[in-house]
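Here is the structure we will look at, set down as C-alpha cells.
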Amino acid sequence: MDVAYVLSWSDYLKHMADISNVLAPSKTHHAAFDRELFTIDRDYRLRVNPSFEMQSDLLQRTIIDQADDQVALPDGDLNVEYLDMHNSSLAWV
C-alpha cells in the first residue's frame with residue numbers, strides 16, 4: 001500500500017494532515033492516479049480517463065474493466081469536496 005493525496009501537497013499544503021484527503025492504493029495505482037489516468041467521483045465511482053490505454057493485465061482488470069463501478073470505501077473516509085476540487089481540474093471528467 002501507498003499513500004496518495006486527492007489534493008496534492010504542493011497545491012493544498014493545509015490539507016497535508018487531513019485523513020479525509022488520503023487514498024491507500026498500491027504503488028502502481030498511486031502512480032496511475034497521480035498521472036490522472038483515473039479518479040473517483042463524489043459517488044465513489046471509478047472514472048477512467050478515455051485516453052488511458054494499457055498493456056498491463058493488472059491495470060486492465062483493476063481500472064479499465066471496472067470503469068463506473070463503485071469503489072468500496074466507507075462513507076466519510078474521503079471528503080467529497082476534495083474529490084470535486086480534484087476532478088474539476090481534469091478536463092475529461
Side-chain angles (χ1 to χ4, degrees):
M1 297 201 110
D2 217 7
V3 174
Y5 297 91
V6 176
L7 299 177
S8 69
W9 286 8
S10 59
D11 295 327
Y12 299 93
L13 188 59
K14 70 180 183 176
H15 298 297
M16 185 171 73
D18 186 345
I19 196 75
S20 68
N21 185 39
V22 174
L23 293 169
S26 70
K27 195 171 259 320
T28 300
H29 290 90
H30 181 179
F33 182 80
D34 283 352
R35 287 180 176 79
E36 301 176 351
L37 300 177
F38 77 94
T39 192
I40 300 168
D41 69 14
R42 69 173 16 253
D43 297 320
Y44 297 146
R45 296 205 176 274
L46 188 67
R47 300 295 179 205
V48 179
N49 187 325
S51 66
F52 184 19
E53 295 180 14
M54 183 53 55
Q55 298 301 318
S56 164
D57 289 337
L58 172 69
L59 294 179
Q60 179 71 42
R61 283 191 326 271
T62 60
I63 296 177
I64 296 171
D65 291 349
Q66 294 187 28
D68 299 322
D69 287 356
Q70 195 162 31
V71 178
L73 295 172
D75 285 338
D77 271 11
L78 284 178
N79 185 323
V80 293
E81 290 179 18
Y82 297 167
L83 291 170
D84 288 344
M85 290 169 64
H86 171 78
N87 293 339
S88 71
S89 70
L90 305 175
W92 51 269
V93 175

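The shown structure was predicted, so the numbers you read here are calculated from the model rather than taken from an experiment. One-based numbering along the sequence shown.
Minimum interatomic distance between Leu7 and Tyr12 (heavy atoms only, all atoms of both residues): CB-CD1, 3.4 Å. Gln66 approaches Arg61 most closely through the heavy-atom pair NE2-O, 3.2 Å. In this structure, Tyr44 and Ile40 approach most closely via the heavy-atom pair CA-CG2, 3.4 Å. What you find for Leu46 and Ile63 is that their closest heavy atoms are CD2-O, 3.5 Å. Smallest separation of non-hydrogen atoms from Met1 and Ala24: CE-O, 3.0 Å. Nearest heavy atoms, Arg42 versus Leu83: CA-CD1, 4.4 Å.
Leu73 and Val48 fall within the same hydrophobic cluster, where Ile, Leu, Val, Met, Phe, Trp and Tyr residues are linked whenever their side-chain heavy atoms come under 4.5 Å apart, directly or through other members.
Rounding to the nearest 0.5 Å gives a distance of 15.5 Å between NE2 of His86 and CD of Glu81. Phe33 contributes atom CZ, which lies 15.5 Å from atom OG1 of Thr28 (distance to the nearest 0.5 angstrom). Atom CE of Met54 and atom OG1 of Thr62 lie 9.5 Å apart (nearest 0.5 Å). If you take CG on Leu59 and OG on Ser26, they are separated by 8.0 Å, rounding to the nearest 0.5 Å. One distance of note links CE of Met85 with CG of Asn21; it measures 9.0 Å at 0.5 Å rounding.
Side-chain contact check for Tyr82 and Asp18: at least one donor-acceptor pair (N or O, by modelled atom type) lies under 3.5 Å.
The aromatic rings of His29 and Phe38 sit perpendicular to each other, their planes meeting at more than 60°, with 30° as the lower class boundary.
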Intermediate values then yes/no, side chain to side chain contact (heavy atoms under 4.5 Å, CB included), Leu23 and Val6: CA-CA 7 Å; Leu23 293 169; Val6 176; 4.2 Å; yes

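Looking at Asp41 and Val93, their side chains never come closer than 4.5 Å, going by heavy atoms from C-beta outward.
Side chain of Tyr5 to backbone of His15: no donor-acceptor contact under 3.5 angstrom is found.
In this structure, Asp68 pairs ionically with Arg47, as a charged nitrogen and a carboxylate oxygen lie closer than 4.0 Å.
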